[in-house]
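Encoded as structure tokens, the structure appears first; notes follow it.
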Amino acid sequence: MDKNKTIVRFAPSPTGFLHLGSGRTALFNWLFAKKTGGKFLLRIEDTDKVRSEERFLEEILEDLKWLGIDWEGPLTHQSHRFELYREKAEEILAAGKAYKEGEAIIYKVEKGIEIELDDIVHGKIKFNTDEIKDQVMIKSDGSPAYNFCCVVDDADLGITHIIRGDDHISNTPKQIMFYEAMGLTPPRFGHMPLMMGTDGAKLSKRHGGVSVEEYKREGFLPQALANYLILLGWSPGDDREIISLEEAAELFDINNVSDVQSKFDAQKLRWINGEYIMASDTKDLLPLIKEQLLAAEVDISNVTDEYISEIIDLYKVRMKTLGEFPAMTDHFFKDDFEMEEKGKRKYLGKEGNPENLAIFAGELANLNTFSHETIEEVCRKIAEERELKAAQIIHPTRMAISGKTAGAGLFEMMEVLGKQKVLERMRRVAK
RNA sequence: GUCCCCAUCGUCUAGCCUGGUCAGGACACCAGAUUUUCAUUCUGGCGACAGGGGUUCGAAUCCCCUUGGGGACGCCA
């Protein structure tokens, strides 16, 4: 093993979906490994056989990959290593540093000792063993206790840096004791402040979701989520807000990770996501958009990819999440779309408007080339002849063909919808 | 309760380590410009060093206290 190589790990517990905060921790470990040319390993903390489930593990691995995180080598399953933990615990017991209580093996904590931790993000933190109770190493049922097997594994895997959440700070002195009990030098620790909800409380569903998977489902792009998570607690130094994982890995400096806890801001995530959507190629968006349409139970069996792509081109700049697409574009996929009441009253009730619509429709019927240029030409011509503002024709038409007051450019929408549907819809409301 | 972490605009942050540039940027918000609506884009505006003591010629920056927020105190991980 290369002595100078950094080795870090992410150690999820497959008892639920990948939490946003865990995703962020994984990202920082990955970034640190990339930056230092080290290794990023994955260890599965599945000692709790009751709560651990295979489907959670699969989902977690999928979410990590989705975020752009890759890892080296095979997974380490703690559930496969119970013998190793027992062996180590027996050694400590034999050395007289532990005692048995029933089947459990418990480490005897020596009181009155100062343990100093030189944390990478916080600096020096001191603990006194007077505050620490004797520590279970092996539980009565034979399974290892977290703090113990964590140390056995980190030592065994040659982990050089442990980057994890602040909620582990109080575990650290306990773990340092175990390293010492086994005659090992502890690795470097770095504790990152936790990510909180907008109101300062623990991140929970009412803040808009806690698992990576939920954001994927809502139509956030992985690059955008990763970008946002990275910026929460670290900054590239200049004023950049949009940064790829690769660039971040080059610029990353673990010493610049903030020691201040942050609040999750869904607004900013949405903005970043919008930036990524706008910059995406339509062909890359297409399969994702189709998933969203299917999830929203939109019937796309009769439309082509080309048709959907044209619509994506029109709405790319308008969505903050891909999940917004189906509602924004329902009129492209069905004829019985909803009519916004306010817009209906404002644009289809007024005197003259239905008549203008009829005239516009009549002129459009004569068009051979139904493109946004030719449509616009006709529209502006009518406006001029009838001494109207083009808007007076445009707004009612928009209502007629989309049922909405907001959306993509009218003429582009009409071109994509096609002459037949456009005329049908216009005549439906015209006089 | 005990121990621990933390404190710059509403939010994310730069600046802090190595005291001295109107405390800079982004999101959000507000106004204006462009535009057929919305969105985009471009201008401008609003808006912060938690409070109090020190140290110093000088403190957002160093020290202490208070207050406030968060975390941990499991045979969960």
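All heavy atoms count here, side chains included; hydrogens, waters and symmetry mates do not.
Listed nucleotides B:rC76, B:rU37, B:rA77 differ in distance to A:Ala406; the shortest reach to its side chain belongs to B:rU37. The side chain of A:Tyr146 approaches B:rA77 more closely than any other nucleotide in the set B:rU40, B:rA77, B:rU2. Residue A:Asp259 has its side chain nearest to B:rC6 when only B:rU13, B:rA28, B:rC6 are considered. For A:Arg398, the listed nucleotide lying nearest its side chain is B:rU37; candidates were B:rU40, B:rC75, B:rU37. The side chain of A:Lys133 has B:rG74 as its nearest neighbour among B:rU13, B:rA77, B:rG74. Distance from the side chain of A:Ser140 is smallest for B:rC75 among the nucleotides B:rU40, B:rG25, B:rC75. Closest to the side chain of A:Trp271, from the set B:rA77, B:rC38, B:rA26, is B:rA26. If you check B:rU36, B:rC27, B:rU8 against the side chain of A:Asp265, the one that comes closest is B:rC27. Picking from B:rC12, B:rG25, B:rC75 the nucleotide with the shortest atom distance to the side chain of A:Val136 gives B:rC75.
Comparing the C1' positions of B:rA72 and B:rC76 gives a spacing of 13 Å, expressed to the nearest Å. Between the C1' atoms of B:rU43 and B:rC5, the separation comes to 43 Å (whole Å). Nucleotides B:rA7 and B:rG51 place their C1' atoms 12 Å apart, quoted to the nearest Å. B:rU56 and B:rG20 have their C1' atoms separated by 12 Å, with the value rounded to a whole Å. Taking atom C1' in both B:rU55 and B:rC42, the straight-line distance is 48 Å, to the nearest Å. Comparing the same atom, C1', in B:rC63 and in B:rC27 gives a spacing of 35 Å after rounding to whole Å. A gap of 10 Å separates the C1' atoms of B:rC9 and B:rC46, to the nearest Å. Spacing between B:rG25 and B:rC62 at atom P, rounded to whole Å, works out to 23 Å.
Residues A:Leu245 and A:Leu31 meet the side-chain proximity criterion, which asks for heavy atoms closer than 4.5 Å. Annotation: side chain of A:His191 is not in contact with side chain of A:Asp259 (no heavy-atom distance under 4.5 Å). By the 4.5 Å heavy-atom criterion applied to side chains, A:Leu225 and A:Leu20 are counted as neighbours.
Residue A:Phe411 is classed as a base contact, given a heavy-atom separation below 4.0 Å to a base. Counting non-hydrogen atoms under 4.0 angstrom, A:Gly409 reaches a base of the nucleic acid. The residue A:Leu231 sits close only to the backbone: its heavy atoms come under 4.0 Å of sugar-phosphate atoms, none of a base. If you check every strand for non-hydrogen atoms under 4.0 Å, A:Glu376 touches nothing. Counting any heavy atom pair closer than 4.0 Å across all strands shown, A:Lys389 reaches no nucleic acid atom. Nucleic acid contact for A:Glu412: base, since at least one base atom lies under 4.0 Å from a heavy atom of the residue. Within 4.0 Å of A:Ser235, counting heavy atoms only, lie sugar-phosphate atoms of the nucleic acid but no base atom. Here A:Ala104 lies in heavy-atom contact (under 4.0 Å) with a base. Using a 4.0 Å heavy-atom distance criterion, A:Glu45 is classed as a sugar-phosphate-only contact.
Taking for each of A:Pro12 and A:Trp234 the nucleotide of RNA chain B with the nearest heavy atom, the 5'-most of the two is the partner of A:Trp234.
For the side chain to side chain contact (heavy atoms under 4.5 Å, CB included) test with A:Asp119, the passing option among A:Asp166, A:Ile125, A:Thr172 is A:Ile125; the others fail. With A:Tyr85 as the fixed residue, the side chain to side chain contact (heavy atoms under 4.5 Å, CB included) test singles out one of A:Gln78, A:Met137, A:Glu90: A:Gln78.
Nucleotide B:rA48 forms no Watson-Crick or G-U wobble pair with any nucleotide shown, as no partner meets the under 3.5 Å limit on both distances. If you check B:rG1 for Watson-Crick or wobble pairing at under 3.5 angstrom, you find it paired to B:rC73. Pair check for B:rC42 finds B:rG32; Watson-Crick or G-U wobble, both atom distances under 3.5 Å. Pairing of B:rA7, defined by two Watson-Crick or G-U wobble distances under 3.5 Å, is identified with B:rU67. The partner of B:rA14 is absent, by the rule that a Watson-Crick or G-U pair needs both atom distances under 3.5 Å. Shown here, B:rA23 forms no base pair; nothing in the strands shown gives a Watson-Crick or G-U wobble contact with both key distances under 3.5 Å.
Put simply, the side chain of A:Thr329 gets close to the backbone of A:Phe325: a donor and an acceptor are under 3.5 Å apart. Looking at A:Glu324, its side chain does come within 3.5 Å of a backbone N or O of A:Lys320 through a donor-acceptor pair. With A:Asp265 contributing its side chain and A:Thr198 its backbone, the two residues share no donor-acceptor pair below 3.5 Å. Between the side chain of A:Thr374 and the backbone N or O of A:Thr369, at least one donor-acceptor pair lies under 3.5 Å.
Rounded to an integer number of Å, the gap from A:Leu269 CG to B:rU11 P is 17 Å. One can place OH of A:Tyr347 at 13 Å from P of B:rU36, the figure rounded to the nearest angstrom. Here the C1' atom of nucleotide B:rC5 and the CZ atom of A:Arg164 are 14 Å apart, to the nearest Å. The CD atom of A:Gln267 sits 14 Å away from the P atom of B:rU11 (whole-angstrom rounding). Summarising the geometry, the separation between CD on A:Gln78 and C1' on B:rC76 is reported as 13 Å, rounded to the nearest angstrom. Residue A:Ile115 contributes atom CD1, which lies 13 Å from atom P of B:rC4 at whole-angstrom precision. Following rounding to the nearest Å, A:Ile242 (CD1) and B:rG25 (C1') show an atom-to-atom distance of 13 Å. Rounded to whole angstrom, the span from the CG atom of A:Asp239 across to the C1' atom of B:rA14 amounts to 7 Å.
OP1 or OP2 of B:rU36 has at least one side-chain nitrogen or oxygen of A:Arg380 nearer than 4.0 Å. Proximity of A:Lys320 to the phosphate of B:rA39: no side-chain N or O atom is located under 4.0 Å from OP1 or OP2. OP1 or OP2 of B:rA77 lies within a sub-4.0 Å distance of a side-chain N or O belonging to A:Thr47. Proximity of A:Lys139 to the phosphate of B:rA77: a side-chain N or O atom is located under 4.0 Å from OP1 or OP2.
Remark: A:Arg428 qualifies as a cation-pi partner of A:Phe337 under the 6.0 Å distance and 45° angle criteria applied to the six-membered ring.
The existence of a salt bridge linking A:Arg240 and A:Asp238 is confirmed by a sub-4.0 Å separation between a basic side-chain nitrogen and an acidic carboxylate oxygen. We find that A:Asp153 and A:Arg9 are not joined by a salt bridge, their nearest charged nitrogen and carboxylate oxygen being 4.0 Å or further apart.
Taking 3.5 Å as the limit, the base of B:rU40 and the side chain of A:Arg318 contain no donor-acceptor pair of atoms between them.
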message: Does the protein touch nucleotides 65-72 of chain B at the base, only the backbone, or not at all? Give it as B, S and - per nucleotide, heavy atoms under 4.0 Å.
response: ----SSSS
